[in-house]
Number of protein chains: 2
Amino acid sequence: MAKELELRVDLVALTLRERQLQVLLEACADRAARMWRLPGRPLQPGRSLDETAELVLQPSCSAPGAYLEQLYTYGDPRRVPEKRVISVAYMALVPGDAALVPPGSDWHPVQQVPPLAYDHAEILEYALRRLRYKLEYTAVGFQLLPEEFTLSELQQTYEIILGEPLDKRNFRRRILAASVIEPTGRKRTGEGRPARLYRYKPDAVAEVKARRLFP
Amino acid sequence: MAKELELRVDLVALTLRERQLQVLLEACADRAARMWRLPGRPLQPGRSLDETAELVLQPSCSAPGAYLEQLYTYGDPRRVPEKRVISVAYMALVPGDAALVPPGSDWHPVQQVPPLAYDHAEILEYALRRLRYKLEYTAVGFQLLPEEFTLSELQQTYEIILGEPLDKRNFRRRILAASVIEPTGRKRTGEGRPARLYRYKPDAVAEVKARRLFP
DNA sequence: GTATATTCGTGTTTAGAGGACACGAACCTG
DNA sequence: CAGGTTCGTGTCCTCTAAACACGAATATAC
(Lines give C-alpha, C1' and ligand atoms only; values in the text may rest on other atoms or scores of the structure.)
Protein backbone atom coordinates (compact mmCIF):
# COMPACT_ATOMS: atom_id res chain seq x y z
CA MET A 1 0.00 0.00 0.00
CA ALA A 2 2.43 2.62 -1.19
CA LYS A 3 0.63 5.87 -0.64
CA GLU A 4 1.26 8.48 -3.27
CA LEU A 5 4.02 10.89 -2.32
CA GLU A 6 3.39 14.60 -2.58
CA LEU A 7 6.02 17.26 -1.98
CA ARG A 8 4.51 20.66 -1.25
CA VAL A 9 5.69 24.13 -0.38
CA ASP A 10 3.52 25.71 2.29
CA LEU A 11 3.83 29.34 3.22
CA VAL A 12 3.43 31.36 6.38
CA ALA A 13 2.89 34.85 4.95
CA LEU A 14 2.90 37.55 7.61
CA THR A 15 1.99 41.20 7.40
CA LEU A 16 1.00 44.12 9.59
CA ARG A 17 -2.59 45.27 9.37
CA GLU A 18 -4.54 47.26 11.88
CA ARG A 19 -1.61 47.28 14.27
CA GLN A 20 -1.60 43.52 14.43
CA LEU A 21 0.56 40.81 12.99
CA GLN A 22 -1.60 38.85 10.57
CA VAL A 23 -1.18 35.61 8.68
CA LEU A 24 -2.65 34.65 5.34
CA LEU A 25 -4.97 31.64 5.43
CA GLU A 26 -6.95 29.80 2.82
CA ALA A 27 -10.39 28.35 3.43
CA CYS A 28 -10.23 24.58 3.09
CA ALA A 29 -11.98 23.16 0.07
CA ASP A 30 -13.96 21.08 2.47
CA ARG A 31 -16.24 23.91 3.56
CA ALA A 32 -18.27 21.87 5.97
CA ALA A 33 -15.28 21.57 8.27
CA ARG A 34 -14.88 25.35 8.48
CA MET A 35 -11.19 24.82 8.64
CA TRP A 36 -8.40 26.94 7.29
CA ARG A 37 -4.97 26.14 6.03
CA LEU A 38 -1.71 27.76 5.02
CA PRO A 39 -1.49 28.54 1.33
CA GLY A 40 0.73 26.22 -0.65
CA ARG A 41 1.17 24.25 -3.79
CA PRO A 42 3.00 21.17 -4.97
CA LEU A 43 6.63 21.59 -5.94
CA GLN A 44 6.71 22.84 -9.51
CA PRO A 45 8.69 20.66 -11.90
CA GLY A 46 11.76 22.53 -13.04
CA ARG A 47 11.53 25.12 -10.28
CA SER A 48 13.47 25.34 -7.06
CA LEU A 49 11.82 25.34 -3.67
CA ASP A 50 12.43 29.07 -3.33
CA GLU A 51 10.85 29.73 -6.70
CA THR A 52 7.84 27.62 -5.83
CA ALA A 53 7.45 29.55 -2.60
CA GLU A 54 7.48 32.77 -4.57
CA LEU A 55 4.72 31.45 -6.80
CA VAL A 56 2.65 30.72 -3.72
CA LEU A 57 3.26 34.21 -2.42
CA GLN A 58 2.52 36.13 -5.61
CA PRO A 59 -1.29 36.35 -5.43
CA SER A 60 -1.12 37.96 -1.99
CA CYS A 61 1.63 40.47 -2.51
CA SER A 62 1.56 43.29 -5.01
CA ALA A 63 5.27 44.01 -4.89
CA PRO A 64 8.00 41.59 -5.87
CA GLY A 65 11.01 40.93 -3.67
CA ALA A 66 9.28 40.26 -0.38
CA TYR A 67 11.39 38.64 2.27
CA LEU A 68 11.25 34.87 1.95
CA GLU A 69 12.97 32.25 4.03
CA GLN A 70 12.82 28.49 4.33
CA LEU A 71 11.76 27.33 7.77
CA TYR A 72 11.55 23.59 8.20
CA THR A 73 10.36 20.46 6.45
CA TYR A 74 7.51 18.47 7.91
CA GLY A 75 7.27 14.84 6.96
CA ASP A 76 5.50 12.80 9.59
CA PRO A 77 3.61 10.01 7.82
CA ARG A 78 0.43 10.78 9.79
CA ARG A 79 0.35 14.53 9.36
CA VAL A 80 -2.05 14.21 6.44
CA PRO A 81 -4.35 11.21 6.72
CA GLU A 82 -5.14 10.52 3.08
CA LYS A 83 -1.79 10.85 1.41
CA ARG A 84 1.88 10.97 2.20
CA VAL A 85 2.56 14.70 2.09
CA ILE A 86 5.90 16.29 2.83
CA SER A 87 5.72 20.05 3.31
CA VAL A 88 8.62 22.41 3.03
CA ALA A 89 7.50 25.41 5.07
CA TYR A 90 8.50 28.95 4.14
CA MET A 91 7.96 32.27 5.84
CA ALA A 92 7.28 35.48 3.94
CA LEU A 93 7.17 39.02 5.29
CA VAL A 94 4.85 41.24 3.28
CA PRO A 95 4.94 45.02 3.69
CA GLY A 96 1.61 46.26 4.96
CA ASP A 97 0.95 48.39 1.89
CA ALA A 98 1.67 45.51 -0.49
CA ALA A 99 -0.68 42.94 1.03
CA LEU A 100 -3.45 41.72 -1.24
CA VAL A 101 -6.42 39.51 -0.45
CA PRO A 102 -6.69 36.70 -2.98
CA PRO A 103 -10.17 35.18 -3.37
CA GLY A 104 -10.79 32.34 -0.94
CA SER A 105 -8.08 33.61 1.36
CA ASP A 106 -7.91 36.13 4.15
CA TRP A 107 -5.57 37.65 6.67
CA HIS A 108 -6.09 36.70 10.30
CA PRO A 109 -4.49 38.18 13.40
CA VAL A 110 -2.03 35.63 14.71
CA GLN A 111 -3.47 36.09 18.19
CA GLN A 112 -6.78 34.64 17.09
CA VAL A 113 -6.43 32.24 14.22
CA PRO A 114 -9.32 29.95 13.35
CA PRO A 115 -8.82 26.17 13.57
CA LEU A 116 -6.11 25.06 11.17
CA ALA A 117 -5.95 21.82 9.24
CA TYR A 118 -3.22 19.18 9.57
CA ASP A 119 -0.19 20.39 11.48
CA HIS A 120 -0.46 23.92 10.16
CA ALA A 121 -0.93 25.38 13.62
CA GLU A 122 2.43 23.92 14.58
CA ILE A 123 4.03 25.40 11.48
CA LEU A 124 2.60 28.81 12.26
CA GLU A 125 3.84 28.60 15.84
CA TYR A 126 7.26 27.79 14.62
CA ALA A 127 7.30 30.68 12.15
CA LEU A 128 6.34 33.13 14.88
CA ARG A 129 9.00 31.85 17.22
CA ARG A 130 11.60 32.18 14.52
CA LEU A 131 10.47 35.66 13.60
CA ARG A 132 10.56 36.86 17.19
CA TYR A 133 13.93 35.39 17.73
CA LYS A 134 15.36 36.74 14.52
CA LEU A 135 14.09 40.16 15.30
CA GLU A 136 16.44 40.32 18.22
CA TYR A 137 19.65 39.78 16.40
CA THR A 138 18.95 40.85 12.84
CA ALA A 139 16.90 43.57 11.31
CA VAL A 140 14.14 41.77 9.50
CA GLY A 141 11.64 44.06 11.17
CA PHE A 142 11.48 46.63 8.42
CA GLN A 143 10.62 43.94 5.89
CA LEU A 144 7.07 44.42 7.10
CA LEU A 145 7.08 48.16 6.48
CA PRO A 146 6.74 50.23 3.31
CA GLU A 147 9.85 51.50 1.63
CA GLU A 148 10.05 54.64 3.72
CA PHE A 149 9.20 54.62 7.38
CA THR A 150 9.79 56.52 10.59
CA LEU A 151 11.65 55.16 13.54
CA SER A 152 8.48 55.26 15.59
CA GLU A 153 6.74 53.06 13.04
CA LEU A 154 9.63 50.64 13.11
CA GLN A 155 9.54 50.55 16.88
CA GLN A 156 5.81 49.87 16.82
CA THR A 157 6.45 46.97 14.47
CA TYR A 158 8.92 45.48 16.88
CA GLU A 159 6.59 45.99 19.80
CA ILE A 160 3.71 44.29 18.01
CA ILE A 161 5.77 41.28 17.05
CA LEU A 162 7.54 40.92 20.36
CA GLY A 163 4.43 41.76 22.32
CA GLU A 164 6.19 44.06 24.74
CA PRO A 165 6.93 47.78 24.95
CA LEU A 166 10.43 48.96 24.13
CA ASP A 167 12.35 51.96 25.35
CA LYS A 168 12.43 54.66 22.72
CA ARG A 169 15.97 55.87 23.13
CA ASN A 170 17.52 52.46 23.56
CA PHE A 171 15.63 51.20 20.54
CA ARG A 172 16.91 54.02 18.37
CA ARG A 173 20.43 53.64 19.58
CA ARG A 174 20.49 49.95 18.81
CA ILE A 175 18.87 50.19 15.42
CA LEU A 176 21.14 52.98 14.29
CA ALA A 177 24.21 51.23 15.69
CA ALA A 178 23.38 48.26 13.48
CA SER A 179 23.59 50.68 10.55
CA VAL A 180 21.14 48.80 8.40
CA ILE A 181 18.91 51.80 7.81
CA GLU A 182 19.66 55.30 6.62
CA PRO A 183 17.72 58.57 6.59
CA THR A 184 16.21 59.52 3.25
CA GLY A 185 16.37 63.21 4.07
CA ARG A 186 12.62 63.52 3.71
CA LYS A 187 10.15 63.94 6.52
CA ARG A 188 6.68 62.72 7.21
CA THR A 189 4.40 65.46 8.42
CA GLY A 190 1.32 64.86 10.52
CA GLU A 191 0.14 65.37 14.04
CA GLY A 192 2.99 66.80 16.07
CA ARG A 193 6.57 67.32 15.11
CA PRO A 194 7.45 65.84 11.69
CA ALA A 195 9.45 62.62 11.74
CA ARG A 196 12.49 61.85 9.65
CA LEU A 197 11.95 59.09 7.15
CA TYR A 198 14.32 56.15 6.85
CA ARG A 199 14.82 53.34 4.40
CA TYR A 200 16.76 50.17 4.84
CA LYS A 201 20.02 50.13 2.99
CA PRO A 202 19.84 48.28 -0.31
CA ASP A 203 22.33 45.68 0.88
CA ALA A 204 20.70 45.12 4.25
CA VAL A 205 18.50 42.33 2.97
CA ALA A 206 21.49 40.62 1.46
CA GLU A 207 23.25 40.88 4.79
CA VAL A 208 20.42 39.25 6.66
CA LYS A 209 20.39 36.37 4.23
CA ALA A 210 24.15 36.04 4.22
CA ARG A 211 23.91 35.36 7.91
CA ARG A 212 22.23 32.19 6.84
CA LEU A 213 22.66 30.61 10.19
CA PHE A 214 19.12 29.42 10.25
CA PRO A 215 17.75 29.76 6.81
CA MET B 1 9.78 15.39 -19.78
CA ALA B 2 8.79 14.99 -16.16
CA LYS B 3 11.93 13.85 -14.43
CA GLU B 4 11.37 11.33 -11.69
CA LEU B 5 11.15 12.93 -8.27
CA GLU B 6 13.26 11.56 -5.45
CA LEU B 7 13.06 12.74 -1.88
CA ARG B 8 16.14 11.86 0.14
CA VAL B 9 17.47 12.37 3.61
CA ASP B 10 21.18 13.22 3.59
CA LEU B 11 23.20 13.32 6.74
CA VAL B 12 26.15 15.34 8.00
CA ALA B 13 27.46 13.07 10.76
CA LEU B 14 30.17 14.71 12.84
CA THR B 15 32.44 13.25 15.47
CA LEU B 16 35.71 13.93 17.23
CA ARG B 17 38.65 11.73 16.32
CA GLU B 18 42.32 12.42 16.76
CA ARG B 19 41.54 15.85 18.14
CA GLN B 20 39.81 16.87 14.96
CA LEU B 21 36.24 17.34 13.93
CA GLN B 22 35.49 14.70 11.32
CA VAL B 23 32.63 14.07 8.95
CA LEU B 24 31.39 10.74 7.63
CA LEU B 25 31.59 10.38 3.85
CA GLU B 26 30.68 7.63 1.45
CA ALA B 27 32.68 6.78 -1.64
CA CYS B 28 30.54 7.44 -4.70
CA ALA B 29 29.43 4.36 -6.59
CA ASP B 30 31.11 5.88 -9.60
CA ARG B 31 34.62 5.05 -8.49
CA ALA B 32 36.34 6.56 -11.48
CA ALA B 33 35.35 10.02 -10.34
CA ARG B 34 37.00 9.52 -6.96
CA MET B 35 34.28 11.60 -5.46
CA TRP B 36 32.68 11.34 -2.08
CA ARG B 37 29.24 12.14 -0.85
CA LEU B 38 27.25 12.51 2.33
CA PRO B 39 25.50 9.33 3.39
CA GLY B 40 21.78 9.27 2.79
CA ARG B 41 18.85 7.28 1.58
CA PRO B 42 15.45 7.87 0.06
CA LEU B 43 12.65 8.72 2.41
CA GLN B 44 11.28 5.48 3.78
CA PRO B 45 7.59 4.91 3.19
CA GLY B 46 5.75 5.00 6.46
CA ARG B 47 8.64 6.65 8.32
CA SER B 48 9.12 10.25 9.28
CA LEU B 49 12.07 12.33 8.15
CA ASP B 50 13.64 12.05 11.59
CA GLU B 51 13.26 8.28 11.57
CA THR B 52 14.79 8.03 8.13
CA ALA B 53 17.72 10.14 9.29
CA GLU B 54 18.20 7.75 12.19
CA LEU B 55 18.30 4.84 9.79
CA VAL B 56 21.00 6.59 7.83
CA LEU B 57 22.96 7.19 11.00
CA GLN B 58 22.71 3.70 12.48
CA PRO B 59 25.56 1.95 10.64
CA SER B 60 28.04 4.57 11.82
CA CYS B 61 27.05 4.89 15.43
CA SER B 62 27.13 2.10 17.97
CA ALA B 63 24.97 3.86 20.54
CA PRO B 64 21.38 4.92 20.00
CA GLY B 65 20.16 8.40 20.88
CA ALA B 66 22.79 10.48 19.14
CA TYR B 67 21.96 14.12 18.67
CA LEU B 68 20.06 14.61 15.44
CA GLU B 69 18.70 17.81 13.97
CA GLN B 70 17.17 18.83 10.70
CA LEU B 71 19.15 21.48 8.88
CA TYR B 72 17.70 22.59 5.59
CA THR B 73 16.08 21.24 2.46
CA TYR B 74 17.86 21.53 -0.86
CA GLY B 75 15.75 21.45 -3.97
CA ASP B 76 17.37 23.26 -6.84
CA PRO B 77 16.41 21.49 -10.07
CA ARG B 78 20.00 21.43 -11.26
CA ARG B 79 21.67 20.19 -8.10
CA VAL B 80 21.63 16.60 -9.41
CA PRO B 81 21.90 16.42 -13.18
CA GLU B 82 20.18 13.11 -13.88
CA LYS B 83 17.14 13.25 -11.69
CA ARG B 84 15.08 15.68 -9.70
CA VAL B 85 16.37 15.06 -6.20
CA ILE B 86 15.23 16.96 -3.13
CA SER B 87 17.45 16.43 -0.11
CA VAL B 88 16.43 17.07 3.45
CA ALA B 89 19.74 17.58 5.24
CA TYR B 90 20.27 16.48 8.82
CA MET B 91 23.16 16.90 11.20
CA ALA B 92 24.18 14.22 13.69
CA LEU B 93 26.68 14.51 16.53
CA VAL B 94 28.28 11.17 17.32
CA PRO B 95 30.26 10.68 20.55
CA GLY B 96 33.85 9.83 19.74
CA ASP B 97 33.69 6.45 21.41
CA ALA B 98 30.53 5.46 19.55
CA ALA B 99 31.75 6.18 16.03
CA LEU B 100 31.88 3.19 13.69
CA VAL B 101 33.27 2.91 10.19
CA PRO B 102 30.74 1.29 7.89
CA PRO B 103 32.19 -0.38 4.79
CA GLY B 104 32.58 2.00 1.87
CA SER B 105 32.55 4.97 4.18
CA ASP B 106 35.12 6.83 6.18
CA TRP B 107 35.58 9.75 8.50
CA HIS B 108 37.41 12.76 7.15
CA PRO B 109 38.69 15.82 9.00
CA VAL B 110 36.46 18.72 8.06
CA GLN B 111 39.53 20.84 7.42
CA GLN B 112 40.53 18.64 4.49
CA VAL B 113 37.58 16.93 2.88
CA PRO B 114 38.02 15.32 -0.52
CA PRO B 115 35.94 16.60 -3.46
CA LEU B 116 32.25 16.17 -2.77
CA ALA B 117 29.55 15.35 -5.28
CA TYR B 118 26.56 17.55 -6.10
CA ASP B 119 26.05 20.38 -3.60
CA HIS B 120 27.25 18.33 -0.67
CA ALA B 121 30.13 20.66 0.05
CA GLU B 122 27.61 23.44 0.52
CA ILE B 123 25.56 21.27 2.86
CA LEU B 124 28.63 20.45 4.91
CA GLU B 125 29.58 24.12 5.12
CA TYR B 126 26.16 24.96 6.36
CA ALA B 127 26.22 22.25 9.01
CA LEU B 128 29.54 23.50 10.34
CA ARG B 129 28.33 27.08 10.48
CA ARG B 130 25.25 26.01 12.35
CA LEU B 131 27.22 23.88 14.77
CA ARG B 132 29.67 26.66 15.54
CA TYR B 133 26.92 29.11 16.03
CA LYS B 134 24.84 26.83 18.16
CA LEU B 135 27.81 26.07 20.34
CA GLU B 136 27.83 29.65 21.47
CA TYR B 137 24.36 29.82 22.85
CA THR B 138 23.44 26.25 23.67
CA ALA B 139 25.36 23.33 25.02
CA VAL B 140 25.42 20.85 22.16
CA GLY B 141 29.15 20.53 22.66
CA PHE B 142 29.02 17.55 24.96
CA GLN B 143 26.96 15.60 22.43
CA LEU B 144 30.30 14.74 20.89
CA LEU B 145 31.74 13.36 24.12
CA PRO B 146 31.23 10.09 25.94
CA GLU B 147 28.76 9.92 28.77
CA GLU B 148 31.26 11.04 31.40
CA PHE B 149 33.83 13.69 30.65
CA THR B 150 36.06 16.20 32.33
CA LEU B 151 35.75 19.93 31.92
CA SER B 152 39.09 20.02 30.18
CA GLU B 153 37.85 17.53 27.62
CA LEU B 154 34.75 19.60 27.08
CA GLN B 155 36.81 22.73 26.66
CA GLN B 156 39.03 20.98 24.11
CA THR B 157 35.91 20.01 22.19
CA TYR B 158 34.81 23.60 22.03
CA GLU B 159 38.24 24.78 21.02
CA ILE B 160 38.42 22.24 18.21
CA ILE B 161 35.06 23.17 16.80
CA LEU B 162 35.45 26.90 17.18
CA GLY B 163 39.05 26.81 16.09
CA GLU B 164 40.27 29.16 18.79
CA PRO B 165 41.65 28.83 22.32
CA LEU B 166 39.38 29.59 25.24
CA ASP B 167 40.16 30.84 28.69
CA LYS B 168 39.99 28.07 31.23
CA ARG B 169 38.36 29.89 34.10
CA ASN B 170 35.89 31.81 31.99
CA PHE B 171 34.93 28.66 30.15
CA ARG B 172 34.21 26.83 33.39
CA ARG B 173 32.27 29.69 34.81
CA ARG B 174 30.04 29.95 31.76
CA ILE B 175 29.42 26.24 31.38
CA LEU B 176 28.58 25.79 35.02
CA ALA B 177 26.41 28.89 35.05
CA ALA B 178 24.34 27.35 32.26
CA SER B 179 23.77 24.41 34.62
CA VAL B 180 23.38 21.84 31.90
CA ILE B 181 26.02 19.54 33.33
CA GLU B 182 26.51 18.12 36.78
CA PRO B 183 29.38 16.35 38.52
CA THR B 184 29.04 12.60 38.79
CA GLY B 185 31.11 12.50 41.96
CA ARG B 186 33.66 10.26 40.29
CA LYS B 187 37.10 11.27 39.15
CA ARG B 188 39.30 10.37 36.26
CA THR B 189 42.81 9.62 37.32
CA GLY B 190 45.79 9.92 35.02
CA GLU B 191 48.75 12.17 34.55
CA GLY B 192 48.62 14.92 37.13
CA ARG B 193 45.86 15.81 39.50
CA PRO B 194 42.68 13.76 38.96
CA ALA B 195 39.82 15.56 37.27
CA ARG B 196 36.21 15.53 38.35
CA LEU B 197 33.90 13.82 35.91
CA TYR B 198 30.72 15.44 34.69
CA ARG B 199 27.72 14.29 32.76
CA TYR B 200 25.09 16.37 31.04
CA LYS B 201 21.84 16.47 32.86
CA PRO B 202 19.29 14.02 31.49
CA ASP B 203 16.98 16.85 30.49
CA ALA B 204 19.68 19.00 28.91
CA VAL B 205 19.20 17.43 25.49
CA ALA B 206 15.50 18.02 25.71
CA GLU B 207 16.17 21.63 26.57
CA VAL B 208 18.38 22.15 23.58
CA LYS B 209 15.69 20.73 21.33
CA ALA B 210 12.93 22.68 23.00
CA ARG B 211 14.75 25.79 21.95
CA ARG B 212 13.81 24.68 18.50
CA LEU B 213 14.45 28.07 17.09
CA PHE B 214 16.30 26.69 14.14
CA PRO B 215 15.78 23.03 13.98
C1' DG C 1 -1.36 85.27 15.87
C1' DT C 2 -1.17 83.14 20.06
C1' DA C 3 -1.84 79.27 23.07
C1' DT C 4 -2.20 74.40 23.37
C1' DA C 5 -1.73 69.73 22.12
C1' DT C 6 0.99 66.16 19.97
C1' DT C 7 4.76 63.68 18.37
C1' DC C 8 9.86 63.81 17.48
C1' DG C 9 14.54 63.55 18.86
C1' DT C 10 18.34 63.36 22.10
C1' DG C 11 22.53 62.01 26.63
C1' DT C 12 23.81 60.37 31.10
C1' DT C 13 23.98 57.39 34.75
C1' DT C 14 24.05 52.77 36.52
C1' DA C 15 24.03 47.76 36.88
C1' DG C 16 25.36 43.39 35.02
C1' DA C 17 27.90 40.42 31.94
C1' DG C 18 32.14 39.02 29.86
C1' DG C 19 37.20 39.04 29.33
C1' DA C 20 42.01 39.08 31.08
C1' DC C 21 44.92 37.09 34.30
C1' DA C 22 48.35 33.51 38.20
C1' DC C 23 48.99 30.26 41.58
C1' DG C 24 48.26 26.58 45.07
C1' DA C 25 46.33 21.64 45.20
C1' DA C 26 46.32 16.79 44.07
C1' DC C 27 48.22 12.98 42.18
C1' DC C 28 51.87 10.08 39.51
C1' DT C 29 56.61 8.75 38.56
C1' DG C 30 61.24 7.97 39.12
C1' DC D 1 60.52 12.40 48.63
C1' DA D 2 61.41 15.56 44.83
C1' DG D 3 59.84 16.95 40.43
C1' DG D 4 56.53 16.95 36.83
C1' DT D 5 51.80 17.43 35.24
C1' DT D 6 47.13 18.53 35.19
C1' DC D 7 43.23 20.32 38.04
C1' DG D 8 40.67 23.86 40.16
C1' DT D 9 39.77 28.46 41.78
C1' DG D 10 38.75 34.49 42.48
C1' DT D 11 39.36 39.39 41.35
C1' DC D 12 39.59 43.35 38.71
C1' DC D 13 38.34 45.82 34.82
C1' DT D 14 35.95 46.97 30.58
C1' DC D 15 32.11 47.25 27.91
C1' DT D 16 27.45 46.46 26.80
C1' DA D 17 22.57 47.07 27.98
C1' DA D 18 18.80 49.08 30.80
C1' DA D 19 16.48 52.97 33.10
C1' DC D 20 15.14 57.49 32.68
C1' DA D 21 13.04 63.28 31.25
C1' DC D 22 12.76 67.21 28.63
C1' DG D 23 13.25 70.71 24.89
C1' DA D 24 12.12 71.09 19.74
C1' DA D 25 9.04 71.20 15.82
C1' DT D 26 4.78 71.32 13.83
C1' DA D 27 -0.74 71.32 13.58
C1' DT D 28 -4.89 72.97 15.43
C1' DA D 29 -8.16 75.53 17.97
C1' DC D 30 -9.47 79.82 19.58
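The chains referred to below are lettered A, B, ... by the order of the sequence lines, with proteins before strands, and numbering in each begins at 1.
Rounded to whole angstrom, the span from the CZ atom of A:Arg172 across to the C1' atom of D:dA17 amounts to 18 Å. One atom, CG of B:Leu151, and another, C1' of D:dT9, lie 12 Å apart when rounded to the nearest Å. Spacing between atom CZ of A:Phe171 and atom P of C:dT10 amounts to 14 Å, rounded to whole angstrom units. Between A:Leu154 atom CG and C:dC8 atom C1' the separation is 15 Å, expressed in whole Å. Taking atom CD1 of A:Ile175 as the reference point, atom P of D:dA17 lies 13 Å away to the nearest angstrom. The CG atom of A:Leu166 sits 14 Å away from the P atom of D:dA17 (whole-angstrom rounding). Rounded to whole Å, atom P of D:dT6 lies 20 Å from atom CZ of B:Arg196. Rounded to an integer number of Å, the gap from A:Glu191 CD to D:dT28 P is 7 Å.
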Legend entry - Protein-to-nucleotide contact annotation, 5' to 3' order, nucleotides 18-26 of chain C [B base; S sugar-phosphate only; - none; under 4.0 Å, heavy atom]: -BBBB-BBB
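Residue B:Thr189 places no side-chain N or O under 4.0 Å from the OP1 or OP2 atom of C:dC27.
B:Arg132 is linked by a side-chain contact (heavy atoms from CB on, under 4.5 Å) to B:Leu128, B:Ile161, B:Leu162, counting only residues two or more places apart in sequence or in another chain. In terms of the side-chain hydrogen bond (donor to acceptor under 3.5 Å, both in side chains) criterion, residue partners of A:Arg172 (sequence neighbours excluded) are, by chain and number, A:Ser152. Applying the side-chain hydrogen bond (donor to acceptor under 3.5 Å, both in side chains) test to A:Arg186 and every residue at least two apart in sequence or in another chain returns A:Glu148. Under the rule for a side-chain hydrogen bond (donor to acceptor under 3.5 Å, both in side chains), A:Tyr198 has no partner lying at least two apart in sequence or in another chain. Every residue two or more places apart in sequence or in another chain that forms a side-chain contact (heavy atoms from CB on, under 4.5 Å) with A:Asp76 is listed here: A:Arg78, A:Arg79, B:Ser48. Scanning for side-chain contact (heavy atoms from CB on, under 4.5 Å) contacts around A:Pro42 gives A:Glu6, A:Arg8, with sequence neighbours left out. Taking B:Arg193 as the reference, nothing meets the side-chain contact (heavy atoms from CB on, under 4.5 Å) condition, with sequence neighbours excluded.
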Which donor-acceptor pairs under 3.5 Å do the side chains of residues 153-160 of chain B make with protein atoms, sequence neighbours left out?
from     : atom 1 : to       : atom 2 : distance (Å)
B:Glu153 : OE1    : B:Thr150 : N      : 3.0
B:Glu153 : OE1    : B:Arg188 : NH1    : 3.1
B:Glu153 : OE2    : B:Arg188 : NH1    : 2.3
B:Gln155 : NE2    : B:Glu159 : OE2    : 3.3
B:Gln155 : NE2    : B:Leu166 : O      : 2.9
B:Gln156 : OE1    : B:Arg19  : NH1    : 3.4
B:Gln156 : OE1    : B:Arg19  : NH2    : 3.2
B:Thr157 : OG1    : B:Glu153 : O      : 2.9
B:Glu159 : OE2    : B:Leu166 : N      : 2.9

Review item, side-chain donor-acceptor pairs of residues 94-112 of chain A, under 3.5 Å, at least two apart:
from     : atom 1 : to       : atom 2 : distance (Å)
A:Trp107 : NE1    : A:Leu100 : O      : 2.8

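Side chains of B:Arg129 and B:Tyr133: a donor-acceptor N/O pair is absent below 3.5 angstrom, by distance only. Judged purely by distance below 3.5 Å, without hydrogens or angles, the side chains of A:Asp10 and A:Tyr74 never pair a donor atom with an acceptor atom.
Using a 4.0 Å heavy-atom distance criterion, A:Ser152 is classed as a sugar-phosphate-only contact.
A heavy atom closer than 4.0 Å to some atom of DNA chain D occurs in no member of residues 156-164 of chain B.
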Measure all distances between protein nitrogen or oxygen atoms and nitrogen or oxygen atoms of nucleotides 1-3 of chain D, and list the pairs falling under 3.5 Å.
none

